[in-house]
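First up is the structure itself, then whatever we jot down about it.
In listed order, ligands and their atoms are each counted from 1.
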Amino acid sequence: MTPEQNQKFQKNFPSILVDELMSKHINMRIGGPASLYLATSDVDELTDAIEMANKEKIPWFIFGGGSNLLVSDDGFDGLAIQVAFREVKVREKTIIVDAGAITGAVARQSVADGLEGMEWAATLPGTIGGAIYGNSGCWGGEMKDIVVTVDAIHLPDMKRVVYPNAKCKFGYRDSVFKHEPHIILRATLGLKKSEDPSVVNSRMEEFAAKRKECQPFSESSAGCMFKNFTFKDESELERLKNDVKEIPPEMLAKKSLSAGWLVSQVGMKGEKIGEAQISEKHGNFIVNLGNARAQDVLMLTSKAKMKVRDEYNIMLEDEVRLIGFDS
Ligand code: EPU
């Protein structure tokens, strides 16, 4: 970015920050500075900033809670926009929620309001926008099961759209928003009135306890680094039965191998590069022990991928978005 472009943004967006360290905004606490950083709670300001960035040919990216991101140690020479609109309205069994609302807080509120269907998400990190983008899920629940509509801006024509669930093309950790550029603004979620709120509350507490027991819940991480591996067809399943001895029956039943299980099978749990470590608790998490660099994390993911490929002939796919690694 040129100094002139920088000044132009600062003049038009008084709350914009210059050379803001992304490590302050990313759950992994890693990442160099973004040339410009704008946290906005106003849709018009957000669209104005994107239009100006497009006009000036400045790279930009948008994020919510920073839970599923890895930003390069060199930072990002462009504009980072954080969605900070967070209104939540509960109308009987429907929740109308802004993209920047914290998913876990919305889930807990839904349970407190006597609703059922979102209790699995109480410990999900990140925002509603991010959860819709990646169709996040855990403990048997997924965003696709509760999204009724999504309000978004369709890029590059900047048109406002409202998509019903089917148009969001949700799949495993996938949605239309990963393939066609949009900005998610708001969603309508459909839940059920719970017949026994105390049962739903206990279920939520059980899921939370499970997360604390099986995942590095209180350490800095980006959640799962890799997607689980889904068998494409029966022939692939047969090949895997030969290559991967003793596939746990529940994974065979789900036709999906846990990436964390695969990483632990190749002996990578606890492995460290610099201050990045593959979690001792769960092989699909990399935790920042203090001053880990993005480079350390990438080296660890590459090593895990290579080992899984060499031993099992399976290519693990990244689940985490990488920013600032292009040049
Ligand atoms: N397992 C191991 N070692 C490990 C990790 C897992 O043996 O290091 C075994 C477990 O013991 C269990 C099986 O693998 O028998 C499945 O493990 P888990 O229940 O942890 O589920 P997962 O498939 O590894 C998925 C999601 C998580 C989500 C959990 C719980 C993906 C990539 N991961 O993990 O989502 O929280 O289920 O529902 O789909 C995320 O996406 O960021 C994420 C954390």
Q | Passing option when Val263 is tested against Leu300, Asn284, Ile286, Ile278 for side-chain contact (heavy atoms from CB on, under 4.5 Å) | A |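 With Val263 as partner, side-chain contact (heavy atoms from CB on, under 4.5 Å) holds for just one option, Ile278.
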**Q.** All salt bridge (charged side-chain N to carboxylate O under 4.0 Å, His left out) counterparts of Asp296, not counting sequence neighbours
**A.** Arg293
Q.
Give the residues near ligand 1 by chain and number, with the criterion being a heavy-atom distance under 4.0 Å.
A.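 Gly137, Cys138, Trp139, Tyr172, Arg173, Arg211, Gln215, Gly223, Cys224, Phe226, Asn228, Glu250, Met251, Ser258, Gly260, Trp261, Ser264, Lys269, His282, Gly283, Asn284, Phe285, Glu319.
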Q.
With a 4.0 Å cut-off on N to O distance, would you call Lys227 and Asp174 a salt bridge?
A.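 Looking at Asp174 together with Lys227, the answer is no, because their closest N to O distance does not fall below 4.0 Å.
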Q. Does NZ belonging to Lys167 count more than 12 external heavy atoms closer than 6.0 Å?
A. no
Using atom types as modelled, flag every donor-acceptor pair under 3.5 Å from a side chain in residues 149-157 to any protein atom, sequence neighbours excluded.
{"residue": "Thr149", "atom": "OG1", "partner": "Thr188", "partner atom": "OG1", "Å": "3.0"}
{"residue": "His154", "atom": "ND1", "partner": "Asp157", "partner atom": "OD1", "Å": "3.0"}
{"residue": "His154", "atom": "ND1", "partner": "Asp157", "partner atom": "OD2", "Å": "3.4"}
{"residue": "Asp157", "atom": "OD1", "partner": "Lys159", "partner atom": "N", "Å": "3.1"}

Q) Taking only residues two or more places apart in sequence, or in another chain, which ones meet Lys254 in a side-chain contact (heavy atoms from CB on, under 4.5 Å)? A) Ser256
